[in-house]
There are 2 protein chains.
Amino acid sequence: MFVLNDRPGFSAAEGTRLRVRNAAQKLGYRRSGLARALSTGRIYTVGVVLRMDDSHLYSVYAKDVLAAMARACRSAGLRLTFIPFPAEGGLMVDEVVDHRVDGLVLVSHYADEFARLVYASRFPTVSFGSGYAERLVGMDQCGGVREATRYLIDLGHQRIVHVSGGHPGSRAFEERRAGYLAGMETAGLVPHCYSFTEARASMQLAPQERPTAFVTYNDDIAWQLTVTARELGLRVPEDLSIIGFDNNVLAETAVPPLTTVENPLDAQAEGALKVLQCLWQGKEPPAMAPLATRLIHRQSTAAPPGLLSPLKDPTQ
Amino acid sequence: MFVLNDRPGFSAAEGTRLRVRNAAQKLGYRRSGLARALSTGRIYTVGVVLRMDDSHLYSVYAKDVLAAMARACRSAGLRLTFIPFPAEGGLMVDEVVDHRVDGLVLVSHYADEFARLVYASRFPTVSFGSGYAERLVGMDQCGGVREATRYLIDLGHQRIVHVSGGHPGSRAFEERRAGYLAGMETAGLVPHCYSFTEARASMQLAPQERPTAFVTYNDDIAWQLTVTARELGLRVPEDLSIIGFDNNVLAETAVPPLTTVENPLDAQAEGALKVLQCLWQGKEPPAMAPLATRLIHRQSTAAPPGLLSPLKDPTQ
DNA sequence: GTGAAAGCGCTAACAC
DNA sequence: GTGTTAGCGCTTTCAC
């Protein structure tokens, strides 16, 4: 009994200890993490609420977040329960706040109303990435995109276009856009924000008119753009520079590999867990400063075409 | 009290019912799924044990399996806990068999010794894909690859090579290989099984000597092979046909899109859950016949080069 | 040091 | 129908 529970300050002969263990095993005895959880109030499991993507099962972002959270949980001796948030229909708060997990990580964009209700329940909860503002462990998306834009400008680009993505109005959507706008404004260049369709159309303009660089919402879009460019006979990066966001597997495997803004998922995962741990100890966690992002240099960016010839009038 | 528990056969005025609900909510009352679990013996959660891939976080296969299981669980009103199986170090059986989940799904290849111990614990467990043989919900990998090989033969190929992958000795490794061997044998062709490195080297042989088609272990390898082929100046499928396995996102996005053997993950996920449900009801589930696979026709396969000219002596 | 008992928050079986 | 109670398997506290 006591040997099984490892009662502190219990000493038995090693022989006895072993015999008890064996007998227990033979009887098929397994300690119930469940009963322990009810008794201690901790089940050592965190729930990760992740929007189900209608597109390819789950996006590669979702998968990477899950992997990062899984790693962080494992280091922390925690288990991870995956709670998909259905695109339509959503989730009842009671479904998630029922103590089958010790805490919740709300990942990025899902209905804010849901997040509000979860926080209102006072259940230990933290937001991951670019989601609901309350108790958010996020990164400096705006700064990252600003740096990317700046980089293109330094290469000599002027007709730089931002290609939006994600959910309009979402934090990620707005901040990445804002980073681009800030970068352009600092350089005194006129900004253009396109949808994917508009970006595609713009590629078909005459060389003097079309954009020489795209700063995109994420790697998925950047990837699509490289494919489209190839189809249209444009070379990347010679004719067109493209920058992504996330630094996921697509950025690495694209042809050419994408210059992109790194999204520090592991750091965010650890940060999120740290917040939950504070909450479990009853302390209100300190506000987390957005994590720094950095630009990963690969082969999808270069000086704009014609830069070697004398600079022409940048009108238009 | 009873309205909160939805006691069967309890009838109160709707008004009262509502008032009670509101009061409860105001007090922040949440039903504890935990206590209920201890009481009923069901926590409505299944654990999915998935090998952590040292390579890209988790392989796309792992992600797709997780997605399929997540969908199946959701339809069944179950929650999914993700239990990563660390590549080195493994997992203690007690860690997983502790009643924080109702049952376990063991996905594909991890140490068989672990699987054996888990089954020995008599905890409700099922194997998914191509893993441990006991209570396995799998598909007909052998038949799928045989069909793929057959297809290439029908196109006129003769120098068809199998490119192995995965863990040598694992079920998946052996069965897919066996499917290839069977296909070749039926046609009276001599089989060659290469590693990825060998396959790569073979591409550099003279046109008359190099393979005209690869049947690969999975889409990841097939994808790599298309990249390698392009680097070497070989055209797919004009110079070289390639067939993958899994039909995952890589098969779709590869250039050209890959002909591949579909891995019916959703069906397997549902099957696995069905098995667990039997187990929960105390019935030993019927042995599941391997699910049928089918060949998805895309653009990475064509007749071998030179087929239009008179057939030359197929020596060598 | 070792045993007994209360209690975590539910469900299910049993009285009223 | 409606209230009461035992008990799920642990941890913790309190007696011995």
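Values below: all heavy atoms of this structure, side chains included; hydrogens, waters and symmetry mates excluded. Note that the coordinates shown come from a computational prediction; the quantities given were computed from them, not determined experimentally. Here is the naming used below: chain letters follow the sequence lines, and residue numbers restart at 1 for every chain.
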Report the distance from atom [atom1] of [X] to atom [atom2] of [N], rounded to the nearest whole Å.
X	N	atom1	atom2	result
B/Leu34	D/dC8	CG	P	16 Å
B/Ile43	C/dG9	CD1	P	15 Å
B/Asp94	D/dC10	CG	C1'	16 Å
A/Asp98	C/dC10	CG	C1'	12 Å
A/His99	C/dG9	NE2	P	9 Å
A/Leu38	C/dT11	CG	C1'	12 Å
B/Arg100	D/dG9	CZ	C1'	15 Å

Between [options], which one does the side chain of [X] approach most closely?
X	options	answer
A/Thr40	C/dG9, D/dT12, C/dT11	D/dT12
A/Arg36	D/dT11, D/dG7, D/dG9	D/dT11
A/Tyr29	C/dG9, C/dC10, D/dC10	D/dC10

By side chain to side chain donor-acceptor pair (under 3.5 Å), which residues pair with A/Glu270, not counting sequence neighbours? none

Residues forming a side chain to side chain donor-acceptor pair (under 3.5 Å) with B/Asp98, sequence neighbours excluded: B/Arg100

Who passes side-chain contact (heavy atoms from CB on, under 4.5 Å) against B/Leu117, sequence neighbours left out? B/Val93, B/Glu113

Counterpart residues, side-chain contact (heavy atoms from CB on, under 4.5 Å), relative to B/Thr81 (two or more places apart): A/Arg79, A/Thr81, B/Thr45, B/Ile83, B/Val101

Please output the side-chain donor-acceptor pairs of residues 273-282 of chain A that fall under 3.5 Å, not counting sequence neighbours, one pair per line with the distance.
from     : atom 1 : to       : atom 2 : distance (Å)
A/Trp280 : NE1    : A/Asp102 : O      : 2.9
A/Gln281 : OE1    : A/Lys283 : NZ     : 3.1

Test: B/Arg42 cationic atom under 6.0 Å from B/Tyr44 six-membered ring centre, within 45° of axis: yes

Of A/Val249, A/Asn248, A/Asp266, A/Asp246, which is the lone residue that meets side chain to side chain contact (heavy atoms under 4.5 Å, CB included) with A/Asp64? A/Asn248

Just N and O in the side chain of A/Arg31: are any of them under 4.0 Å from OP1 or OP2 of D/dT11? yes

Relative orientation of the end axes in the helix from C/dG1-D/dC16 to C/dC16-D/dG1, expressed as an angle to the nearest 10° (five pairs per end): 60°

